[in-house]
Amino acid sequence: MNGEAVAADHPRSAHGGVWDYLSASRLLKWLNCPLAFKFQYIDGLRPPATPSQLLGKVVHRALEILHRHRQLHIPITAGELCGRLPSVWDEVAGTERAPFSSQAERAAREQDAARLVAAYLAQMPPEETPMAVEMVLEAPLVDPRTGEDLGMPLLGILDLVTAEENGTVIVDFKTAARTSEPVEILHEIQLTCYAYLLRAAADQREAALEIRTLVKTKTPKILRHRYPTRSAGHFARLFAVVREYLEALDRRRFTFRPGLACSMCAFRQTACPKWSG
């Protein structure tokens, strides 16, 4: 398979918008609550980022800068990288509505970001050389078992791809407020999407997948959790979910799905009739 876009004469291609492509984030949003998915991706509602989300975006961008330097074998110190953070904050905040109640709150978040970035540099091996950084991949969604093209491409951006003795490793970065053991099933959709893309669009097979979590505790921690190469079962489950997603889109069926995600939903007090009515 290759990274060609979905054929222009496919029935869904004329719709545009949410029918243009699928991503892990879109699929996960729909799984959490189809109604929240509709608000964001069909109705175009865009809630402001929370301070924690903005912090995550800034740290993510700083790690991109770090690994692009490492990819080119250009040294960069913790001081140099942290010295870039103010401009990164301005860059990221420029695309978001300001979520801070005061300059003091922003300053505290900026300090959190610097501490996390410094901890990452101190705790991660400097000899790691990335194969790819922020790798953009797109491939048709073709069921590995049946060969059926589902008519919509999958799009994804892999944070980091590294080469190790045993093969290629896909790495995803996350930030968290507290230390906890990741529950693999919560990350299965995202990791399987990335593995599919690496195989289908880049013609590489992952040897492992890794989540690196930057934990903003008093003393920042960097947690690494490894997961095995994706099996036929992983892809069967992914494509079963994708088929249900596509059916929901085709039927315009976006049902409110109550659950834990409601407590963190940006639409809870605004658009959602369950909570705002």
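Computation of the quantities below employed the complete heavy-atom set of this structure, encompassing side-chain atoms and omitting hydrogens, waters and symmetry-equivalent molecules.
Heavy atoms of other residues, nucleotides or ligands lying less than 6.0 angstrom from CZ of Arg178 number 12 at most.
Side-chain N/O atoms of Ser23 and Ser25 include a donor and acceptor closer than 3.5 Å.
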Could you list the donor-acceptor pairs under 3.5 angstrom formed between side-chain atoms of residues 255-267 and any protein atom two or more places apart in sequence or on another chain?
unit_1: Arg257; atom_1: NH1; unit_2: Trp30; atom_2: O; d: 3.4
unit_1: Arg257; atom_1: NH1; unit_2: Leu31; atom_2: O; d: 2.5
unit_1: Ser263; atom_1: OG; unit_2: Leu260; atom_2: O; d: 2.8

Residues 38-45 side chain polar contacts: donor-acceptor under 3.5 Å, at least two apart:
unit_1: Lys38; atom_1: NZ; unit_2: Asp43; atom_2: OD1; d: 3.1
unit_1: Lys38; atom_1: NZ; unit_2: Asp43; atom_2: OD2; d: 3.0

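Leu81 is listed as a side-chain neighbour of Ile65, based on a closest heavy-atom distance under 4.5 Å. Using a 4.5 Å heavy-atom cutoff, the side chains of Met135 and Ile157 are not in contact. Here the side chains of Ile170 and Tyr227 are not in contact, with every heavy-atom distance at 4.5 Å or above. Put simply, the side chain of His73 does not reach to within 4.5 Å of the side chain of Arg70, judged on heavy atoms. At least one side-chain heavy atom of Leu150 sits under 4.5 Å from a side-chain heavy atom of Phe239.
With sequence neighbours left out, Thr175 forms a side-chain hydrogen bond (donor to acceptor under 3.5 Å, both in side chains) with no residue at all. Residues satisfying the side-chain hydrogen bond (donor to acceptor under 3.5 Å, both in side chains) criterion with Glu110, sequence neighbours excluded, are Arg106. By the side-chain hydrogen bond (donor to acceptor under 3.5 Å, both in side chains) test, Lys174 pairs with Asp172, Gln190, sequence neighbours left out. Legend: residues meeting salt bridge (Lys or Arg N to Asp or Glu O under 4.0 Å) with Glu210, ordered by chain and number and at least two apart, are Arg212, Arg224, Arg226. Here Arg61 pairs with Glu64, Glu91 under the salt bridge (Lys or Arg N to Asp or Glu O under 4.0 Å) rule; sequence neighbours left out. Under the rule for a salt bridge (Lys or Arg N to Asp or Glu O under 4.0 Å), Arg205 has no partner lying at least two apart in sequence or in another chain. Taking the ring pair (Phe, Tyr, Trp, His ring centres under 6.0 Å) definition, one finds that Tyr120 meets it with His67, Phe173, sequence neighbours left out. Gln204 is linked by a side-chain contact (heavy atoms from CB on, under 4.5 Å) to Met131, Thr168, Leu198, Ala202, counting only residues two or more places apart in sequence or in another chain. In this structure Leu155 satisfies the side-chain contact (heavy atoms from CB on, under 4.5 Å) test together with Tyr21, Val136, Glu138, sequence neighbours excluded.
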Stepwise, does the side-chain contact (heavy atoms from CB on, under 4.5 Å) test hold for Glu128 with Leu160?
-> CA-CA 11 Å; Glu128 179 180 69; Leu160 180 66; 4.0 Å; yes
Given Phe37 and Tyr245, is the ring pair (Phe, Tyr, Trp, His ring centres under 6.0 Å) satisfied, shown in steps?
-> CA-CA 11 Å; Phe37 171 92; Tyr245 167 86; 5.6 Å; yes
Should His69 and Glu80 be marked as a side chain to side chain donor-acceptor pair (under 3.5 Å) after you check the CA-CA gap, both sets of side-chain angles, and the distance that decides it?
-> CA-CA 12 Å; His69 275 72; Glu80 290 169 336; over 6 Å; no
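Taking every heavy atom of both residues into account, Leu238 and Leu27 meet most closely at CD1-CD2, 4.0 Å. Nearest approach of Pro220 to Leu116, heavy atoms of both residues: CB-CD2, 4.0 Å. Smallest separation of non-hydrogen atoms from Ala177 and Thr217: O-CG2, 4.1 Å. Between Leu209 and Ala195 the shortest heavy-atom distance is CD2-CB, 4.3 Å.
Put simply, CG on Leu66 and CZ on Arg68 are 11.5 Å apart, with the number rounded to the nearest 0.5 Å. To the nearest 0.5 Å, atom CD of residue Glu188 and atom SG of residue Cys193 are 10.0 Å apart. To the nearest 0.5 Å, the span separating CG on Leu63 from CE on Met124 amounts to 9.5 Å. With rounding to the nearest 0.5 Å, the separation of CG in Leu35 from CZ in Phe254 is 9.5 Å. Rounded to the nearest 0.5 Å, atoms CG (Leu191) and OG1 (Thr229) are 11.5 Å apart. Between Glu206 atom CD and Thr192 atom OG1 the span is 8.5 Å, to the nearest 0.5 Å.
With Thr213 contributing its side chain and Val215 its backbone, the two residues share no donor-acceptor pair below 3.5 Å.
Legend: salt bridge (Lys or Arg N to Asp or Glu O under 4.0 Å) pairs involving residues 113-123, not counting sequence neighbours, sorted by first then second residue: Asp112-Arg115.
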